[in-house]
There are 2 protein chains.
Amino acid sequence: MDIVMIDDDRLVALSLKTILESTGQIRVTASGSSGAEAIELYRLHKPDVILMDIRMEGMSGIDAGREILREFPDAKILYLTTFSDDEYIINALSMGAKGYILKQDFEVIAPSLEAVMRGQSVFGDKIIGKIPELMKPKERFDFDAHGITDKERSIIELVAEGLSNKEIAGKLFLGEGTVRNYISSLLDKLGLRDRTQLAVFYYTEIKG
Amino acid sequence: MDIVMIDDDRLVALSLKTILESTGQIRVTASGSSGAEAIELYRLHKPDVILMDIRMEGMSGIDAGREILREFPDAKILYLTTFSDDEYIINALSMGAKGYILKQDFEVIAPSLEAVMRGQSVFGDKIIGKIPELMKPKERFDFDAHGITDKERSIIELVAEGLSNKEIAGKLFLGEGTVRNYISSLLDKLGLRDRTQLAVFYYTEIKG
DNA sequence: TTCCGCATATGACAAATGTCACTTTCCGGG
DNA sequence: CCCGGAAAGTGACATTTGTCATATGCGGAA
């Protein structure tokens, strides 16, 4: 099995290479120490798996991974990180990484590589324990704090589905002009300019 | 430990009650068979944990759970379901449920309840295996397939930030009319009606 | 070169949108 | 009972938006 290894810290890279190659199953085709190199080396070697640090100088491992997956949707990316860092986990997961394991657990790295190559996904215990917590919805947007009424709330939702004023009026059994007034008031309360910004607001602040 | 149990199927509810109470540790304070009841019974009993089916007549367990969490952010909700149903898992997770286990694994239900009460989250093996896959980004939107050019792509993004035609024109050094034309063409290609729908499309199909 | 296609642009127009000032209706507290 | 304030509506208006027909310039293919 050929792998490419990327680690900020050359020393870590080297010792890992030694450990991994000592298994006899794994060959470290190339190694690098930056996100840019990760992409380049992946293009060059098309390894079975790329083993990559997350925190690195310059381009993060996540960004590099995203780029690699864009070019090679089947790429198998396994992140190796020093400690379980919340945002990174969620990013790595949602990006489609095949795994995320802690460097401390170095004895599981080789087996994890095997598993990943076979198409499995691997996440360390401590990682998986965090997932539910991470996936909790962001704290709900506080409509009350902005003085937004129930009716206004439902209007936001309809705008955010792309309905016209007329359509909204129909759904809520209101006059079209009334809907316009509601939207006008909403835009005022939220400091926005038009319905498109309202939809954007919905997706980024409320539902995002 | 007091729990409230909600199951569509009265028979299941009854046998589970028997099983759980036979441990001596668990008391089923109340049981119901619908989402509405779930909310009501939660309000009434404030159980340590609420054990709830997902698929039910009327309001789904997810919706009921959402409502309960809205009123009681510390509520511990444990879903019990017949089989691992993809959308449900993701919904339950992102909603902030404390767990999601299969009815088949009835021997783990009691221990799971304990764990949840202690603040842990619990997910069955088969469930956890699905998480990475579920979190994968939706397959990237294929601009080419819809014949969308680079410039059009960047215009979508600006629209999705809520910019007006004039502002977009300024950013891209184009005439305002030109921007209108691009958007018009874009709407045509994507089968949409106005810029708001375009923004919605961006957040739901492209970036969502 | 000529021709085609693309990107860019303009002008005219209808429709949708946002703003504002002003009713009407209704409901609960005094 | 009357009052005041929501909720809902109307009409007028300026602006923005989307559509369309058409024009110009530019680079590549025939």
Side-chain angles (χ1 to χ4, degrees), chain A residues 140-208, chain B residues 67 70 140-208:
Chain A
R140 327 201 130 272
F141 176 76
D142 190 351
F143 290 100
D144 296 341
H146 292 256
I148 291 178
T149 69
D150 276 4
K151 188 140 316 212
E152 285 172 334
R153 216 187 86 260
S154 53
I155 286 190
I156 292 187
E157 277 156 16
L158 295 175
V159 168
E161 296 184 13
L163 302 198
S164 70
N165 289 331
K166 199 189 301 259
E167 288 166 330
I168 294 175
K171 282 228 180 209
L172 300 184
F173 307 103
L174 297 176
E176 185 186 340
T178 309
V179 173
R180 282 213 284 254
N181 288 337
Y182 276 121
I183 290 186
S184 194
S185 141
L186 268 173
L187 296 179
D188 187 37
K189 286 177 186 171
L190 297 174
L192 303 174
R193 185 159 22 94
D194 56 42
R195 70 199 299 100
T196 305
Q197 293 193 335
L198 188 56
V200 172
F201 183 85
Y202 178 82
Y203 285 106
T204 57
E205 302 293 320
I206 301 183
K207 205 187 163 195
Chain B
E67 176 60 21
R70 213 175 55 76
R140 317 205 134 274
F141 178 74
D142 189 350
F143 290 98
D144 296 341
H146 293 259
I148 292 178
T149 69
D150 276 3
K151 189 143 312 217
E152 286 172 332
R153 217 187 85 263
S154 54
I155 286 189
I156 293 187
E157 278 157 14
L158 295 175
V159 168
E161 297 185 11
L163 301 199
S164 70
N165 289 331
K166 198 188 302 256
E167 289 166 330
I168 295 174
K171 283 226 181 213
L172 300 185
F173 307 102
L174 297 175
E176 184 185 339
T178 310
V179 173
R180 283 213 284 261
N181 287 338
Y182 276 122
I183 291 186
S184 195
S185 142
L186 222 28
L187 295 178
D188 187 38
K189 286 176 185 170
L190 297 174
L192 303 175
R193 186 161 20 96
D194 56 43
R195 69 200 297 100
T196 305
Q197 293 192 337
L198 187 56
V200 172
F201 183 85
Y202 178 81
Y203 286 106
T204 56
E205 302 294 320
I206 300 181
K207 204 188 161 195

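These figures come from a predicted structure and were not determined experimentally. Chain A is the first sequence line, chain B the second, and so forth, proteins listed ahead of strands; every chain is numbered from 1.
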Atom pair CG/CD of B:Leu192 and B:Glu205 - distance to nearest 0.5 Å: 9.5 Å
Measure the distance from CZ on B:Arg193 to C1' on D:dG18 and round it to the nearest whole Å. 12 Å
Regarding A:Gly177, tell me which of base, sugar-phosphate or nothing describes its non-hydrogen contacts under 4.0 Å with the strands shown. base
A:Glu167 and A:Leu158, any side-chain heavy atoms less than 4.5 Å apart: no
Does B:Arg195 make a side-chain N or O approach to OP1 or OP2 of D:dT17 shorter than 4.0 Å? yes
Rounded to the nearest 0.5 Å, how far apart are CZ of B:Arg195 and CD1 of B:Ile155? 9.5 Å
Find out whether A:Thr178 and A:Lys151 are in side-chain contact, i.e. whether some heavy atom of one side chain is under 4.5 Å from a heavy atom of the other. no
A:Glu176 atom CD is separated from D:dG11 atom P, nearest whole Å, by 12 Å
Could you work out which one of D:dG9, C:dG18, C:dT19 sits closest to the side chain of A:Ile183? C:dG18
I'd like to check B:Leu190 versus B:Phe201 (side-chain heavy atoms, cut-off strictly below 4.5 Å). Are they in contact? yes
So if I take every side-chain heavy atom of A:Asn181 and compare against C:dC20, C:dT17, C:dT10, which nucleotide ends up nearest? C:dC20
I need the OH-P distance between A:Tyr182 and C:dC20, as an integer number of Å. 18 Å
Between C1' of C:dA7 and CG of B:Leu174, the distance in whole Å: 9 Å
Measure from CG on A:Leu190 to C1' on C:dG18 and round the result to the nearest Å. 15 Å
When the distance from CG of A:Leu198 to P of C:dG18 is rounded to whole Å, what number comes out? 9 Å
Working to the nearest 0.5 angstrom, can you tell me the gap between A:Ile156 CD1 and A:Ile206 CD1? 4.5 Å
Side chain proximity check, B:Arg180 to B:Glu176, heavy atoms < 4.5 angstrom: yes
Specify the residue among B:Arg180 and A:Thr196 whose closest nucleotide of DNA chain C lies further upstream toward the 5′ end. B:Arg180
Rounded to whole Å, CD of B:Gln197 lies from P of C:dA16 at a distance of 13 Å
Spell out yes or no: do the side chain of B:Asp194 and the base of D:dT16 have one donor N/O and one acceptor N/O closer than 3.5 Å? no
Does the side chain of A:Thr178 get closer than 4.0 angstrom to OP1 or OP2 of D:dG9 through an N or O atom? yes
Below 4.0 angstrom, which residues in residues 151-171 of chain A have at least one non-hydrogen atom near DNA chain D? A:Lys151
